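It should be emphasised that the depicted structure is a prediction, and the values quoted were computed from it without experimental measurement. Letters go in sequence order (proteins before strands), and every chain restarts at 1.
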Amino acid sequence: MSKRLVVIVGPTAIGKTRVAIEVAEALHTEIISCDSRQMYREMRIGTAVPCAEELAAVKHHFIGNLSIFDYYNVSMFEQDCLHLLDRLFLEYPVVVMTGGSGLYADALCNGIDDFPTVDTEIRQTVTGWFQTEGIEYLRRQLKMFDPEHYSKVDLQNHKRIMKAIEVCLQTGRPYSSFLTAQHRPRPFEIVKIALNRPREELYENINRRAGIMMDEGLLEEVKELYPNRHLNALNTVGYKELFAYMDGQHDLDTAVELIRRNTRRYAKRQLTWFARDKAYQWMHPDHIDDMIKIASGKYGGHLSTI
RNA sequence: GGUACCAUAGCUCAGUAGGUAGAGCAACGGACUGAAAAUCCGUGUGUCCUUGGUUCGAUCCCGAGUGGUACCA
């Protein structure tokens, strides 16, 4: 019998946690989180991880499984998920995946090209080039190492250029030679659902949730993390704005407003990402019964797609 | 009730010696292959309060109205 992965994505604060839990409960299965920040156990309030009650209701994977000091990336997530699914599908015919990190979800659904992990020293070297020589220097290096990628990459985006150079240095091969963009077949069926609601409502949720996080003690969480604020994991909405407040760059009210604005912008970027994949069925988070039907493979009747 | 000032983008405001307008913030759209809640790119979205008048032409000048603010009563 064919196994099925039900992917439920959506912008931050849309209500994914509740939906995923209800669907997973109805199907008596477990949840895989695809959220690049909820993995860090030190970041709980600011990443809105499911509460203890929710975690007790349905077994969740990839929540609080890492430390902010750990190195982790999409490819590792892909592999970890595939291994986990091998195990879960022995027990369950259907597994639910939910989260807001579109790249992570896609890595599991479609696969991602392999290339060697880059040594820390090489990454530091390239980062140093950017800091001391600037982006134009990076562009010249990339043009030399990998003219093909140079012609395609966003030359304004230093991260993209740096990534490519790092791989070139690590392997002695052009970065573009690793890119196949091949869709990797998976030994299970994938059903994709994307949640959305009127923008105004989404923004109300986001604005309200920022206040709730502050009430729950986000500032205290951030204060504990302050000494490590330069770690990548902490370059995150909700944390960076409060670090800036602690540095005296603006007052607390301003910091909270910036968290709200930056979360809104993040939500828009997520929506743009998900919209590109036409396989997603867009649904309102309140239409859980329909989602359970889809998740169970029962497509009959009217579905409240939006 | 009287006098003065104001009315332009979602908000705060600038401006046009009369030729249908622009900043900041907010907002909107897009890209994305191992740091992705990251990173990067693009876009003014407007009955210039309403209505008469002067004018080839009014957001701008004049009158009236409406709404607001301040002061005097």
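Nearest to the side-chain atoms of A/Asn73 among the listed nucleotides B/A27, B/U33, B/A35 stands B/A35. Considering only the side chain of A/Asn232, B/A35 comes nearest among B/A35, B/A31, B/U33. Of all nucleotides listed (B/C40, B/A38, B/A31), B/C40 comes nearest to the side chain of A/His158. With B/G34, B/A26, B/A36 as the candidates, the nucleotide lying closest to the side chain of A/Tyr104 is B/A36. In this structure, of B/A27, B/A36, B/A38, it is B/A38 that holds the atom nearest to the side chain of A/Lys240. Side-chain proximity of A/Arg199 to the nucleotides B/G29, B/U33, B/A36 is greatest for B/G29. Side chain of A/Arg264, nearest nucleotide from B/G30, B/A36, B/A27: B/A27.
The glycosidic torsion of B/G34 lies within 90° of 0, which places this base in the syn conformation.
Residue A/Tyr175 has a polar side-chain atom (N or O) positioned under 4.0 Å from OP1 or OP2 of B/G34. Contact annotation: A/Thr272 side-chain N/O to B/G30 OP1/OP2 distance is under 4.0 Å. OP1 and OP2 of B/G10 both lie 4.0 Å or more from every side-chain N or O belonging to A/Tyr203. A sub-4.0 Å separation between OP1 or OP2 of B/A38 and a side-chain N or O of A/Arg269 is present.
Annotation: B/C6 and B/G44 have their P atoms spaced 31 Å apart (nearest Å). Remark: the separation of the C1' atoms in B/G68 and B/A36 is 49 Å, to the nearest Å. Remark: the separation of the C1' atoms in B/A27 and B/A17 is 35 Å, to the nearest Å. Spacing of P atoms, B/U16 relative to B/G22, comes out at 13 Å, to the nearest Å. Rounded to a whole angstrom, the distance from the C1' atom of B/C71 to that of B/G52 is 31 Å. Nucleotides B/G18 and B/C61 place their C1' atoms 8 Å apart, quoted to the nearest Å. Taking the C1' atoms as reference points, B/U8 lies 31 Å from B/G1, given to the whole Å. The gap from the C1' atom of B/A14 to that of B/C56 amounts to 29 Å, rounded to the nearest Å.
For the residue pair A/Thr272/A/Lys268, the side-chain donor-acceptor check at 3.5 Å is satisfied. A donor and an acceptor atom, one from each side chain of A/Gln270 and A/Tyr266, are located under 3.5 Å apart. Looking at A/Asn228 and A/Tyr226, their side chains never bring a donor and an acceptor atom within 3.5 Å of each other. Side-chain atoms of A/Thr17 and A/Glu54 include no donor-acceptor pair closer than 3.5 Å. A side-chain donor-acceptor contact under 3.5 Å links A/Tyr239 and A/Glu221. Under the 3.5 Å distance criterion, with hydrogens and angles disregarded, a donor-acceptor pair is assigned to the side chains of A/Asp251 and A/Thr254. Side-chain contact annotation: A/Ser101 with A/Arg37, donor-acceptor N/O pair under 3.5 Å absent.
Straight-line distance from the NZ atom of A/Lys268 to the C1' atom of B/G42: 12 Å, rounded to whole Å. If you take CG of A/Asn110 and P of B/U33, they are 14 Å apart, rounded to a whole angstrom. Atom pair A/Arg261:CZ and B/G24:P shows a separation of 14 Å (rounding to whole Å applied). As a whole-Å value, the separation of A/Ile68 CD1 from B/A35 C1' is 14 Å. Here B/C40 presents its C1' atom at 15 Å from CG of A/Leu103, a figure rounded to the nearest Å. Counting to the nearest Å, the P atom of B/G34 and the NZ atom of A/Lys159 are 11 Å from each other. Rounded to whole angstrom, the span from the CZ atom of A/Phe243 across to the P atom of B/A38 amounts to 13 Å. Between A/Asn157 atom CG and B/G42 atom P the separation is 12 Å, expressed in whole Å.
At the heavy-atom level, A/Tyr72 lies under 4.0 Å from the strands shown only through sugar-phosphate atoms. Within 4.0 Å of A/Tyr71, counting heavy atoms only, lie sugar-phosphate atoms of the nucleic acid but no base atom. Among the heavy atoms of the strands lying under 4.0 Å from A/Thr47 is at least one base atom, whether or not backbone atoms are also near. Heavy atoms of A/Gly46 sit under 4.0 angstrom from at least one base atom. Using a 4.0 Å heavy-atom cutoff across all strands shown, A/Asn235 reaches sugar-phosphate atoms only and no base atom. Residue A/Arg260 is out of contact with every strand shown, counting any heavy-atom pair closer than 4.0 Å. Using a 4.0 Å heavy-atom criterion, one finds that A/Ala181 contacts the bases of the nucleic acid, with or without backbone contacts as well. Among the protein residues, A/Asp114 comes within range of the nucleic acid bases, having at least one heavy atom under 4.0 Å from a base atom. As judged by a 4.0 angstrom heavy-atom cut-off over every strand, A/Asp35 is placed among the base-contacting residues. Heavy atoms of A/Tyr40 sit nowhere under 4.0 angstrom from any nucleic acid atom.
A cation-pi arrangement is present between A/Lys192 and A/Tyr280 under the rule of less than 6.0 angstrom and at most 45 degrees off the ring axis.
Where A/Arg265 and A/Arg209 each meet RNA chain B at their nearest nucleotide, the meeting point lying more 5' is that of A/Arg265. The residue among A/Pro116 and A/Thr12 whose nearest nucleotide of RNA chain B is located toward the 5' end is A/Pro116.
Residue-to-nucleotide contacts include a donor-acceptor pair under 3.5 Å from the side chain of A/Arg160 to the base of B/A38.
Checking B/A70 for Watson-Crick or G-U wobble geometry (two distances, each under 3.5 Å) identifies B/U3 as its partner. In this structure, B/G44 makes no Watson-Crick or G-U wobble pair, since no nucleotide meets both defining distances under 3.5 angstrom. Under the Watson-Crick and G-U wobble criteria, each requiring two contacts below 3.5 Å, nucleotide B/C60 is left unpaired. When both distances must be under 3.5 Å, the Watson-Crick or G-U wobble mate of B/U39 is B/A31. When both pairing distances are held under 3.5 Å, B/G22 makes a Watson-Crick or G-U pair with B/C13.
Residues A/Val49 and A/Val96 do not share a hydrophobic cluster, clusters being chains of Ile/Leu/Val/Met/Phe/Trp/Tyr side chains in contact below 4.5 Å.
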